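One structure is given here, and the rest of the page talks about it.
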Amino acid sequence: MNSGAAPAAALKDWSAYVDLLKPAGALNAMTGFPEDDQIRAELYRQLVMNIAQSYVWYFQSTPEHPDWMPFENSIFLLQPNPDAIYHIAPVSGDGVYKVSGYRGTNKVMGFAVGRGMFGTQDPKPGFNNYDADGLTLDKDGYFEVIFSTERPKDWTGDWRYLDPQAGDIMIRQFAYDWGVDVDARFAIERLDKPPLKPRLTQEQIAARLDAIMGGFVERFSRICIGYQNKVIHDLGLNVMELSGFEDLGNSGEWPQKYFRCIYDYQPGEALIIETELPENCKYWNVQLNDELWNQIEFGYRQSSLNAMQAQIDSDGKFRTVIALEDPGVANWLDSGGHTRGMLVGRWHGADSYPMPTIRKVPFADITEHLPADTRRVTPAEREAALRKRNLGLQMRRRW
């Protein structure tokens, strides 16, 4: 017996696990609005969301018997890209994994190798990012690729390096036309372990409960709220910044830059975002998050826009209006009752990376600050667009 091994986790009474969750309530002091009961309620909602996300991560599959799990979507709202569907599978850096599936027609699909699901530990850089468009597809659009530290000697197909410290592989997909673009289908299997999955022992269950209740639930929110607070500290309010993929703690090999700011305004005001567009860009979008870094409701509200959804003005620029009420312009970004949060945009595969501008104007004077030919919409047109948006979201593979 190895005397230096960590002792097995002992199963606690249920009340003890509930007690482990209590310190997470102290995060209310980090929100910037500690006296606002609405924000406090939304923090508690977020903590319950974290519990749901953590169950999937800690109990659905293991590095020995991996499966694709939903990660960041219209339910798990800690800053997903509304155009994106994310799935994640646990892996071990010493394993040999085959991912097989159908590429689909989404604008972007790629694999990211990380250390473990976001929130399972304090942030650490990931490893490699691989665009699926580099894979070999058969005539029907299907692929097979092996991830391992070394290419298997008997494998002549696609292979991607798996870092020895890897803890997960994530698949991200970005769609322009929700429910019309065809989502990928994919499966993962570990080739160097037997497929029979054993029953979890009580010690294994206890260890996972400790990790969830005593770590993940609080840590996930702390990291996200802390990141948004850092941007407020570094930039202030209503100041735009352009950042690289690596600046956000990600590894390279992913051709993406972000523009971001902390938006802040009050009822009776609006914010106008204006930007040039790259001459060539594989994918771009813009979205609104709330005070806790949750993506604002995006199925029943237009809180994001992508290149297909947006209207481009006759001078070739993209302009959007952030407002609490519908200003009657097509490119309204609905902040869903929130007056502060983070705006995030992405330039992906672009030949240039324009820096948008942001300015605050009275809501009543919006039209004076927009081109005369700005595309306008009627209430009936807005309702039709929202219905189409929500149906398209539901047609996607989120689970």
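Values below: all heavy atoms of this structure, side chains included; hydrogens, waters and symmetry mates excluded. Nothing here was measured: the structure is a model prediction, and the numbers come from that model.
- Remark: Arg40 does not engage Glu35 in a salt bridge, criterion side-chain N to carboxylate O under 4.0 Å.
- Residues Arg398 and Ser74 bring a donor and an acceptor atom of their side chains to less than 3.5 Å of each other.
- Taking 4.0 Å as the cut-off between side-chain N and carboxylate O, Asp163 and Arg115 do not count as a salt-bridged pair.
- The residues Arg301 and Glu297 are annotated as not salt-bridged, no charged nitrogen and carboxylate oxygen being separated by less than 4.0 angstrom.
- One finds the CH2 atom of Trp57 at 11.0 Å from the CZ atom of Arg208 (value rounded to the nearest 0.5 Å).
- Taking a cutoff of 4.0 Å between a charged side-chain nitrogen and a carboxylate oxygen, Arg397 and Asp183 do not qualify as a salt bridge.
- Contacts classified as ring pair (Phe, Tyr, Trp, His ring centres under 6.0 Å) and involving residues 294-341 (residues at least two apart or in different chains) are given here: Trp284-Phe318.
- There is no side-chain donor-acceptor pair under 3.5 Å between Tyr44 and Gln46.
- Under the rule for a ring pair (Phe, Tyr, Trp, His ring centres under 6.0 Å), the partners of Tyr176 that lie at least two apart in sequence or sit in another chain are Tyr283.
- Looking at heavy atoms from C-beta onward, Trp254 lies in side-chain contact with Arg172 at the 4.5 angstrom threshold.
- Distance alone, capped at 3.5 Å, is enough to place a donor-acceptor pair between the Asn50 side chain and the Val217 backbone.
- Salt-bridge annotation for Arg190 and Asp192: present, with a side-chain N of the basic residue lying under 4.0 Å from a carboxylate O of the acidic one.
- At a cut-off of 3.5 Å, with distance as the only test, a side-chain donor of Asp373 or Ser314 sits close to an acceptor on the other residue.
- With side-chain heavy atoms closer than 4.5 Å counting as contact, directly or through intermediates, Leu196 stands alone and belongs to no larger hydrophobic cluster.
- In terms of heavy atoms, Arg219 sits closest to Gln121 at CD-C, 3.4 Å.
- Contact annotation: the side chain of Asn81 approaches that of Gln287 to within less than 4.5 Å [non-hydrogen atoms, C-beta and beyond].
- The pair Lys193-Glu64 does not meet the salt-bridge criterion, since no charged nitrogen lies less than 4.0 angstrom from a carboxylate oxygen.
- At a threshold of 4.0 Å, the pair Arg151-Asp158 does not count as salt-bridged, since none of the basic side-chain nitrogens sits closer than that to a carboxylate oxygen.
- Between Phe71 and Pro80 there is no side-chain heavy-atom pair separated by less than 4.5 Å.
- The two atoms that bring Ser304 and Gln309 nearest to each other are O-OE1, 3.8 Å, heavy atoms only.
- The structure places CZ of Phe186 at 15.5 Å from CD of Glu144, a figure rounded to the nearest 0.5 Å.
- The minimum heavy-atom distance between Pro70 and Val56, with the atom names listed, is CD-CG1, 4.0 Å.
- Looking at residues two or more places apart in sequence or on another chain, you find no ring pair (Phe, Tyr, Trp, His ring centres under 6.0 Å) involving Tyr353.
- Partners of Tyr142 under the ring pair (Phe, Tyr, Trp, His ring centres under 6.0 Å) rule, at least two apart in sequence or in another chain, are Tyr102.
- In this structure, the side chain of Asp177 does not engage the main chain of Val180 through any donor-acceptor pair within 3.5 Å.
- Here Val377 is tied to no hydrophobic group at all, with no ILVMFWY side chain closer than 4.5 Å.
- With contacts defined as side-chain heavy-atom distances shorter than 4.5 Å, the pair Ile273/Val321 does not qualify.
- Screening residues 195-207 for salt bridge (Lys or Arg N to Asp or Glu O under 4.0 Å) gives no qualifying pairs among residues at least two apart or on separate chains.
- Between Arg359 and His369 there is a side-chain heavy-atom pair separated by less than 4.5 Å.
- With a 4.5 Å cut-off on side-chain heavy atoms, Met342 and Val231 count as touching.
- Two residues are said to be in side-chain contact when any heavy atoms from C-beta on lie closer than 4.5 Å; Arg376 and Thr367 meet this criterion.
- Ion pairing between Asp36 and Arg340 fails under the 4.0 Å rule for side-chain N and carboxylate O.
- For residues 103-124, the pairs satisfying ring pair (Phe, Tyr, Trp, His ring centres under 6.0 Å) are Phe111-Phe147, Phe118-Phe220, with sequence neighbours left out.
- Thr339 and Tyr263 share no side-chain donor-acceptor pair at under 3.5 Å.
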Report, one line per pair, each donor and acceptor closer than 3.5 Å where one atom sits in a side chain of residues 380-388; sequence neighbours left out.
{"unit_1": "Glu381", "atom_1": "OE1", "unit_2": "Thr378", "atom_2": "N", "d": "2.8"}
{"unit_1": "Glu381", "atom_1": "OE1", "unit_2": "Thr378", "atom_2": "OG1", "d": "3.4"}
{"unit_1": "Arg382", "atom_1": "NE", "unit_2": "Asp326", "atom_2": "OD2", "d": "2.8"}
{"unit_1": "Arg382", "atom_1": "NH1", "unit_2": "Ala330", "atom_2": "O", "d": "3.3"}
{"unit_1": "Arg382", "atom_1": "NH2", "unit_2": "Asp326", "atom_2": "OD1", "d": "2.8"}
{"unit_1": "Arg382", "atom_1": "NH2", "unit_2": "Val329", "atom_2": "O", "d": "2.6"}
{"unit_1": "Glu383", "atom_1": "OE2", "unit_2": "Arg387", "atom_2": "NE", "d": "3.1"}
{"unit_1": "Glu383", "atom_1": "OE2", "unit_2": "Arg387", "atom_2": "NH2", "d": "3.2"}

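- In this view, Lys230 and Asp234 satisfy the salt bridge (charged side-chain N to carboxylate O under 4.0 Å, His left out) rule, not counting sequence neighbours.
- Not a single ring pair (Phe, Tyr, Trp, His ring centres under 6.0 Å) links Phe363 to another residue, sequence neighbours left out.
- With sequence neighbours left out, Arg389 forms a salt bridge (charged side-chain N to carboxylate O under 4.0 Å, His left out) with no residue at all.
- Under the 4.5 Å side-chain criterion, counting only non-hydrogen atoms from C-beta, Leu292 is in contact with Ile39.
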